[in-house]
Number of protein chains: 2
Amino acid sequence: MNNKENFIKKLRSSGLRPTKQRIEICKALYERKKTFHFTIDDLNKILRKKSKEKISLATIYNTVYAFKNKNYLKEISLNTNKTYFDTNVSNHHHFLDENSNRLIDLKNSDVGKVKIKRKIPGKKIKSIEILVRISD
Amino acid sequence: MNNKENFIKKLRSSGLRPTKQRIEICKALYERKKTFHFTIDDLNKILRKKSKEKISLATIYNTVYAFKNKNYLKEISLNTNKTYFDTNVSNHHHFLDENSNRLIDLKNSDVGKVKIKRKIPGKKIKSIEILVRISD
DNA sequence: TAAGTACTTTATAATGATTCTAAAGTACTG
DNA sequence: CAGTACTTTAGAATCATTATAAAGTACTTA
């Protein structure tokens with residue numbers, strides 16, 4: 001499905017040079033079956049395990065934010081000390097399991113239509129994000 | 001409406017000793033007509049202006065988290081570097097104005113009923129929080 | 001009311017995520 | 001191949017938050 005060539009093409013087409021660090025990070029993020037929710041620290045650990053050559057933490061930060069700007073990653077609104085990212089950039093919502101502190105995707109179709117009845121003059125709605133906290 | 005005596009009663013009734021710092025903080029937070037959204041830094045600045053006697057930053061942190069535990073304040077889920085609190089502890093949602101980075105309360109009745117169609121076995125829904133991002 | 005105790009406040013240090021810096025390395029262009 | 005602009009990197013800097021531990025204060029009970 002996704003392979004090195006595709007990553008290279010995608011990076012180049014969005015004006016990001018396909019460096020070996022970026023390709024490694026693409027592999028870690030996108031060669032997965034399921035959506036991936038992660039912090040920079042999670043990603044750093046995964047990369048260290050995967051490959052012998054260390055990618056600097058600064059590069060991981062740079063790359064993740066570059067990918068976010070290109071809309072290859074989404075930042076998730078949570079109030080935790082670490083920032084969470086999501087490889088699922090489609091319009092969707094989340095369960096947050098308060099026991100395990102884990103996020104679970106909620107497809108848009110899993111949520112009934114949300115109607116916002118109030119308008120703020122001169123402002124447009126950019127997105128609607130729902131966080132459903134669950135626990136045992 | 002709210003006055004010092006009420007604050008003292010409320011504090012005492014929830015097992016918090018009514019110290020002058022806590023009462024000052026109550027005044028800053030609750031002697032307002034409208035809901036107040038703030039960060040620790042906001043509150044610190046307000047307190048410095050209001051009263052001559054300085055309240056230590058550590059005390060502000062301690063008090064805000066104590067109030068949060070007593071359900072006198074709510075923490076808001078946003079991914080900003082600072083933590084936001086809300087004096088409106090009722091069940092409600094928010095607009096986030098991306099231009100000014102300001103929060104606006106959305107009453108529960110301003111939002112149509114939200115139906116979560118998916119269930120996670122063994123888990124109960126604790127809360128549903130909606131963040132509506134708006135901009136010019 | 002005084003003494004004891006548990007709770008509070010405080011300044012300051014420690015922590016930890018993130019951002020900055022500036023030098024060395026690399027991809028791409030001509 | 002040389003030049004330039006983009007990248008990576010280690011390490012330092014920043015900044016919100018949390019921890020520490022000593023001094024202060026509220027409250028209890030005699």
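These values consider heavy atoms only, across backbone and side chains, with no hydrogens, waters or symmetry-generated copies. Lettering follows sequence order; numbering is per chain, from 1.
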Problem set entry | Whether Phe36(A) and Phe38(A) hold their rings parallel, tilted or perpendicular, with breakpoints at 30° and 60° | parallel

Exercise. Hey, what's the ring geometry for Phe85(A) with Tyr65(A), parallel, tilted or perpendicular (30° and 60° as the breaks)?
Worked result: perpendicular

For this session: Check for a donor-acceptor pair, side chain of Asp86(A) on one end and backbone N or O of Lys74(A) on the other, with a separation under 3.5 Å.
Result: no

For this session: Would you mind building the protein contact string for nucleotides 6-18 of chain C? One character per nucleotide, 5' to 3', B for base within reach (heavy atoms under 4.0 Å), S for sugar-phosphate only, - for untouched.
Result: BBSBBB-----SB

Exercise. Are Lys10(A) and Tyr72(A) in a cation-pi contact, defined as NZ or CZ under 6.0 Å from the six-membered ring centre and within 45° of the axis?
Worked result: yes

Problem set entry | side-chain N/O Arg12(A) vs dC28(C) OP1/OP2, d < 4.0 Å | yes

Problem set entry | Separation of dT19(C) C1' from Asn44(A) CG (nearest whole Å) | 16 Å

Would you tabulate the side-chain donor-acceptor contacts of residues 110-119 of chain B under 3.5 Å, counting partners in other chains and residues two or more places apart, or write 'none'?
{"from": "Asp110(B)", "atom 1": "OD2", "to": "Lys107(B)", "atom 2": "N", "distance (Å)": "3.1"}
{"from": "Arg118(B)", "atom 1": "NH1", "to": "Asp105(A)", "atom 2": "O", "distance (Å)": "2.6"}

